[in-house]
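Every value quoted in this text rests on a predicted model; they were computed, and no experiment measured them.
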Amino acid sequence: MLVLRNVRRRERCLPATMTRISNIMRPSGATVVDGSVIGSPPSASKSPRLYLSGPSEVLPRVATLFAGSAVRARPLDGDVGQASALKLSYSSYQKASRVLAAVAYALASDYGVEAELLDIAQGRTTSYLAETGYFPKVAARSWRWGPEMREAALALEEAGLPSELAVAASAVMEHWEGLKDASPALAQVLAELHAAPPGGPV
């Protein structure tokens with residue numbers, strides 16, 4: 001029997017958890033494959049990557065399930081847990097960077113120097129800070145990004161690495177819980193950072 005870990009966006013696992021699941025299932029004869037999705041939902045213009053890790057002999061079989069679709073399956077050379085580790089590694093950078101950019105812009109806006117801040121950011125080749133139009137998307141997705149950052153924090157702690165930035169990013173996203181899947185204006189996104197989060201002071 002083949003068991004493919006659910007790769008829906010809200011159901012992620014820590015690498016160590018995937019290893020425990022694999023160990024529990026192995027005596028029954030089941031094969032566990034760890035999977036994680038990186039990228040936007042599949043569409044005519046977007047092709048997310050599905051990373052797979054686990055026994056090398058079964059990964060090609062799982063990958064063929066997505067042949068011809070917009071999902072690009074990518075087997076990894078390693079054990080169960082690697083796909084989850086890759087997802088949380090990327091998330092800890094990408095999502096925390098987006099949040100930090102929004103908070104930095106909010107501070108500059110409060111003092112009327114946001115144009116100068118953007119001029120500095122746009123002088124670099126790439127910078128999340130210059131992409132102010134993306135801040136509303138970050139806010140609208142914070143209801144699911146926040147829990148993912150908490151999972152990233154746990155993964156960092158398991159590896160003996162500092163988790164404070166991931167924890168802080170999750171706490172900042174609590175300010176945007178009321179904007180779940182909305183299309184807020186930038187002004188509203190910045191205003192919510194000044195308000196107490198629904199759960200109380202951070």
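When atom types are taken as modelled, the side chain of K87 and the backbone of I38 share no donor-acceptor pair closer than 3.5 angstrom. In this structure a side-chain-to-backbone donor-acceptor pair under 3.5 Å is present from T19 to P15. A donor-acceptor contact shorter than 3.5 Å is absent between the side chain of W176 and the backbone of E192. The backbone N or O of M18 sits nowhere less than 3.5 Å from a side-chain atom of S22 that would complete a donor-acceptor pair.
Both L179 and V103 belong to a common hydrophobic cluster when Ile, Leu, Val, Met, Phe, Trp and Tyr are linked at side-chain heavy-atom distances under 4.5 angstrom. L59 and F66 fall within a single hydrophobic cluster, where Ile, Leu, Val, Met, Phe, Trp and Tyr are joined by side-chain heavy atoms under 4.5 Å apart, directly or via other members. Transitive grouping of hydrophobic side chains (ILVMFWY, heavy atoms separated by less than 4.5 Å) brings L65 and V33 into a common cluster. Linking ILVMFWY side-chain heavy atoms closer than 4.5 Å, directly or via other members, places L107 and V113 in a single hydrophobic cluster. One hydrophobic cluster, built from ILVMFWY side chains closer than 4.5 Å, cannot hold both L156 and M149; they sit in different ones.
To the nearest 0.5 Å, atoms CZ (R49) and OG (S36) are separated by 11.5 Å. T17 contributes atom OG1, which lies 6.5 Å from atom CD of E158 (distance to the nearest 0.5 angstrom). The structure places CG of L129 at 11.0 Å from OG of S97, a figure rounded to the nearest 0.5 Å. Summarising the geometry, atom CG belonging to L117 is positioned 8.5 Å from atom CD belonging to E114; distances are rounded to the nearest 0.5 Å. Note: W143 CH2 to M173 CE = 13.0 Å, rounded to the nearest 0.5 Å.
Among all heavy-atom pairs drawn from L190 and A102, the shortest one is CD2-O, 4.2 Å. Shortest non-hydrogen contact noted between P42 and A70 is CB-CB, 3.7 Å. Taking each heavy atom of P41 and K46 in turn, the nearest pair found is O-CB, 3.9 Å. Minimum heavy-atom separation, P60 to S56: CD-O, 3.2 Å. Looking at every heavy atom in both residues, L88 comes nearest to A152 through CD2-N, 3.9 Å. Taking every heavy atom of both residues into account, R26 and N23 meet most closely at NH1-OD1, 2.9 Å.
Judged as a side-chain hydrogen bond (donor to acceptor under 3.5 Å, both in side chains), the pairs with a partner in residues 101-112 (not counting sequence neighbours) are, in order, D110-H194. Applying the side-chain hydrogen bond (donor to acceptor under 3.5 Å, both in side chains) test to pairs two or more places apart or on separate chains, those with a residue in residues 129-141 are R98-E131, Y134-R141.
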Next item on the list: Begin with the C-alpha distance, continue with both residues' side-chain angles, and end with the deciding distance and a verdict on side chain to side chain contact (heavy atoms under 4.5 Å, CB included) for Y128 and L100.
Entry: CA-CA 9 Å; Y128 283 164; L100 183 59; over 6 Å; no
Can you list, pair by pair, the side-chain donor-acceptor contacts under 3.5 Å of residues 71-83, counting residues two or more places apart and other chains?
{"unit_1": "R72", "atom_1": "NE", "unit_2": "S47", "atom_2": "O", "d": "3.3"}
{"unit_1": "R72", "atom_1": "NH2", "unit_2": "S47", "atom_2": "O", "d": "2.8"}
{"unit_1": "Q82", "atom_1": "OE1", "unit_2": "G78", "atom_2": "N", "d": "3.4"}

